[in-house]
Chemist: 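Would you mind keeping the following structure in view while I ask a few things?
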Amino acid sequence: MAPISRPQRNRMTRILPAILEQIAPFDRLHKASPLGMLRDKAWANWRDSGLPGPHLEDWKYTNLRGLDDLAVTPPVRALPSLPGISDTATAVLVDGVFQRELSNLQNLPKGVIVKSLAQAMMEDADVVAGILGKTQPTLADEKSSHALVHLNTATFSDGVFVYIPANVRVDRPLHILGYGTIAVRHPRILMSLEAGASLQVIETWAGRKSGFTNLVSEIEMGSGATLQHLVLQDEVETSFHVAHQTTRVAEEASYDTFILQQGAHVARREIRITLEGIKARADLDAVLMASSRQHLDLTSFIDHAASQTLSNSVVKMVLEENARGVYQGKILVRPDSQKVDGNQLAKAILLSRTAEADIKPELEIYADDIKCGHGAAVGELDEAQIFYLMARGIPEFEARQLLIHAFLQEIIDRVPEGILRTVTEEKILSWLTSHKNGEPS
Amino acid sequence: MSELEIHNLQVQVAERQILKGLTLKVPSGEVHAIMGPNGAGKSTLSYAIAGREGYNVTGGDIRLDHKSLLDMTPDERAAEGLFLAFQYPIEIPGVTLTNFLKTAMNAQRRRRGEEEIDAMAFVKNLRTQARALGIPDDMLKRSVNVGFSGGEKKRAEALQMAMLQPKFAVLDETDSGLDIDALKVVAHAVNALRDKNRGMLVITHYQRLLDYIVPDKVHVLAVGQIAKSGGPELAKELEREGYGAYIEAAA
C-alpha cells in the first residue's frame, strides 16, 4: 500500500539559522528553568508543524508564501527617527529587544512597571511565570495552527513587560512601539492589570525594509480592570506580520481593542479573548485597509466562559486593486454561560473588480438564555452617492474619500476620545489621501 | 449672465435612444418649465445636463453661457454654476448636511480659484437659510437625507441651492412627494432666487407647482423631443387636455 503523503513542512530552513544565532546568549541564562522546559516543548511543537497555511482550516484564506525568501540582513546600527506619538509614555522594542535609552517612562504612577521582559523574567519572575505561556493553545488540533506562537516561545529573547497594580489609573497612554530592522523578529508582550487598574495602550508595528514580525502577546486583566488598546499595524508593504494575542478578562473587567491594519504584504492578527468572570466585557473594533498585493487577516475568538458577559465586534474593510481582506470571527458561549450578549458585524467595501473579501463568522452556542447575532456585507461604493457629491462640485477622488471615511466613521466614533481617536483619524485620512480609493488612473 | 442652450440633444441610456433631438434655450433671468408624460425623457434630460455616467450624449450640445458642458465632469459643471435639484435626493449616511455643504462650496471655490469660505460666515448663513425653509438646526447635523421625509428632502435640496447660489438651476420634479405647505415653502425659496443673472429649468409632471413658480415659458417634452412651446397658459391647457395628443402625434 502506498504511504499516505504528508504535506511538505516548511520549517523556514533558509532564515531559521539566523534566528537561532540571536537567541543563544539568552538561552544560556534560562537553561534549567521552567522557561527552558517551556521552550523545549515549544520547539518540538514548531518542528512537528512547520509554517501554517491553507492546508489547515484556520488558515484557509491566508498563506505565508514568500516568507522563507526574505533576505537575511544584519541589524542596523543607526536607527531612523521612529514614529512617536506626543503626550504618551513610550516603550520601544527594536527587533523585539527593549531599548531603554529610546524609551520614555518617566512620571508613571507608583508601582507601575514597564520594562524589558528579559529583565522582568529575572526581577519579577513570579508575576511573569503566572502569565507566560499560560494561555497558549494546548489542544492537539490547534497545535499546527499556532506553530508560529510556538516558534516565538522557543526563540524570543526579550520583549516588554507591563504591570499595573490594583486600582492604579494611568492617565497618559502607553505607546509600545515595535520597530523591525532584521529579517525575523520575535517580540513578546506581557501585560498584567490587577483589579481595578486602568490603562490605555497604543501598540505600533513598523519597520525598515522587508522582514517578518512574529509577535505573541499575553494580557491578563483582574476584576474590574479596564484596558483600551489601539493597535496600529503599519509595517513596510513587503513585510510579513503575524501576531497572536490572548487576553483574559476577569469579572466586571472591560477590554476594548481597536485594530487598524494598513501595512505589510501579508499580515494576520489573531486575538483570543476569554471572558472569565461575570459581567466581563470585550469590544473589538477593526479597520483593515489594503491595496495592491496586500493581504490582511483578522481572526478573532471570543470565549464567553461566564454568565452575563458581553462582546461586540465590528470589523470594516476597505480593499482596493487586488487586495485581499479576511475576517474570521468566532464566538463561543459555554453551556453554563447564561444571559450572554455576543454580537459581530463585518462589512467590506471593494473598490475594484479584483479586490476580494472573505468573511467567516462562526457561532458556537451551548447556553439557551443568550442573545447572539452576526452580520456580514460586502459591497461597492454607491454610484448614485458618488454622482450626488460630484453634482454638488466635489471632485470624484474627494467624493470617494468622503464616502469611505463615512463608512469608517462608525468605528472611529467608538475609539476613546483623545489621543487614541486623533491618531486613528490621522492614519485613516492619511491612507485615503495617498491611495486611489478605486478611482481609475 | 447665465443662458442655457440645448441644441438638438440626443441621449442614449442603456442603448435606448431617449432624447431624440431636443432643442431649448433658457435666456438669462428666465424660468422655463418642462412638462411631459412619464417616459418622455424628463429625468434623462436633467441627468444629461448634469453629466451623469450612463447617460450618453450621441449628438447635439449643451451650453452654459456659450461654453459647452459636454466634456466636463459633473463637478466641473457644478463649478461652472450648474445646480441640479434631484427628484429623489440621495441618502449619504455618515456625512452631515453641514459638512457636505461646506465641502461642496469649498470644492467649487477651489476650482474657480476663489478663497475658501469663512467658517463662521458659512454657519451664520446656513442657519439663516435653514430657518427660512423651516429646517430645524438639528437637521443640519444629521446625515444628508437619512431618515428625511420626502418634504424634508426637497427642503434640503432648496437649502443647498440657496447656499450654493448657482448660475443655472435644474429642478427635477421638485414637487413630487410634497404636500401643499411644503410646496409653498420650497416655491418661495426658489422664487427668492430668481434673478436676472440666474436661469432655471423647472421640470414637472403636474401643473400645480407652476401656480407658485410661474414660468416665463412652458415646453412640452414628449417622446424625446420638445413637441410644443408656449406661455404659462400652455400648462393650464395640459392640465385640462392631458398629454394624450402629444404622445399620439409622436407615434
Side-chain angles (χ1 to χ4, degrees), chain A residues 285 287 289 314-318 345-349 351-353 375 377-415 421 424-425 428-429 431-433 436-441, chain B residues 46-55 69 72-97 99-112 114 117 143-146 153 156-157 159-161 163-166 169-170 172:
Chain A
D285 294 295
V287 173
M289 305 179 85
V314 182
V315 175
K316 293 202 175 177
M317 301 187 208
V318 176
L345 177 64
K347 287 188 179 176
I349 283 188
L351 295 171
S352 85
R353 288 262 141 93
V378 180
E380 301 173 327
L381 284 180
D382 187 334
E383 181 272 329
Q385 288 179 334
I386 296 175
F387 174 61
Y388 191 59
L389 295 176
M390 288 180 77
R392 293 288 176 265
I394 300 171
E396 189 176 357
F397 180 67
E398 268 145 62
R400 292 173 161 272
Q401 263 186 295
L402 203 66
L403 291 173
I404 299 172
H405 193 256
F407 171 67
L408 299 176
Q409 193 65 49
E410 179 188 352
I411 297 200
I412 296 169
D413 287 341
R414 288 156 70 93
V415 180
R421 191 184 294 179
T424 305
E425 270 268 23
I428 287 174
L429 275 170
W431 194 99
L432 290 175
T433 316
K436 296 213 304 257
N437 307 324
E439 202 192 26
S441 39
Chain B
S46 59
Y47 285 144
I49 295 173
R52 184 167 189 170
E53 248 184 70
Y55 292 79
L69 295 180
M72 296 188 202
T73 55
D75 53 301
E76 286 170 335
R77 299 184 197 201
E80 285 293 317
L82 183 70
F83 181 89
L84 169 61
F86 283 57
Q87 179 180 7
Y88 302 110
I90 315 286
E91 298 188 6
I92 319 253
V95 181
T96 64
L97 189 48
N99 186 22
F100 173 48
L101 262 165
K102 188 142 168 249
T103 306
M105 288 174 82
N106 282 331
Q108 289 193 25
R109 282 167 172 236
R110 235 177 289 126
R111 180 162 265 131
R112 293 193 291 258
E114 297 165 16
I117 197 162
S143 290
V144 180
N145 295 324
V146 176
K153 284 183 182 170
E157 291 291 283
L159 173 64
Q160 292 175 42
M161 191 162 97
M163 292 295 293
L164 288 164
Q165 297 278 307
V170 178
D172 190 359

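Each chain gets a letter, A, B and so on, in the order its sequence line appears, and its residues count up from 1.
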Chemist: For a quick test of reading the model, state the closest non-hydrogen atom pair linking B:S46 to B:V170 and the distance between them.
Modeler: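 Closest heavy-atom pair between B:S46 and B:V170: CB-CG1, 3.8 Å.
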
Chemist: Between A:E396 and A:R400, is there a side-chain N and carboxylate O pair less than 4.0 Å apart?
Modeler: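 Salt bridge: yes.
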
Chemist: Between B:G51, B:S143, B:A78, which shows the greatest number of heavy-atom pairs under 4.5 Å with chain A?
Modeler: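 The candidate making the most pairs under 4.5 Å is B:A78.
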
Chemist: Does A:K347 make a cation-pi contact with A:F407, if we ask for NZ or CZ under 6.0 Å from the ring centre and within 45° of the axis?
Modeler: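 No; the conditions do not both hold, so A:K347 does not lie above the ring face of A:F407.
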
Chemist: Under 4.5 Å from any heavy atom of chain B, what part of A:L403 do you find: side chain, backbone, both or neither?
Modeler: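 Looking at A:L403, just its side chain touches chain B.
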
Chemist: Flag the one option from A:E398, A:H405, A:E410, A:R392 with the top tally of heavy-atom pairs under 4.5 Å to chain B.
Modeler: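 Sorted descending by pairs with chain B, the first entry is A:R392.
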
Chemist: Where on B:L164 is there a heavy atom nearer than 4.5 Å to chain A: the side chain, the backbone, both, or neither?
Modeler: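 Contact with chain A involves the side chain of B:L164 alone.
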
Chemist: Would you mind reporting whether B:L82 and B:I49 have side-chain heavy atoms less than 4.5 Å apart?
Modeler: yes

Chemist: Charged N to carboxylate O below 4.0 Å: is that the case for B:R111 and B:E80?
Modeler: no

Chemist: Please give me the minimum heavy-atom distance between B:M163 and B:L101, naming the atom from each residue.
Modeler: CB-CD2, 3.9 Å

Chemist: Please identify, among B:R109, B:Q160, B:E53, the residue contributing the most non-hydrogen atom pairs under 4.5 Å to chain A.
Modeler: B:Q160

Chemist: Under a 4.5 Å heavy-atom cut-off, does chain A meet the side chain of B:R77, its backbone, both or neither?
Modeler: neither

Chemist: So which of A:A391, A:G393, A:A406 has the largest heavy-atom pair count under 4.5 angstrom toward chain B?
Modeler: A:G393

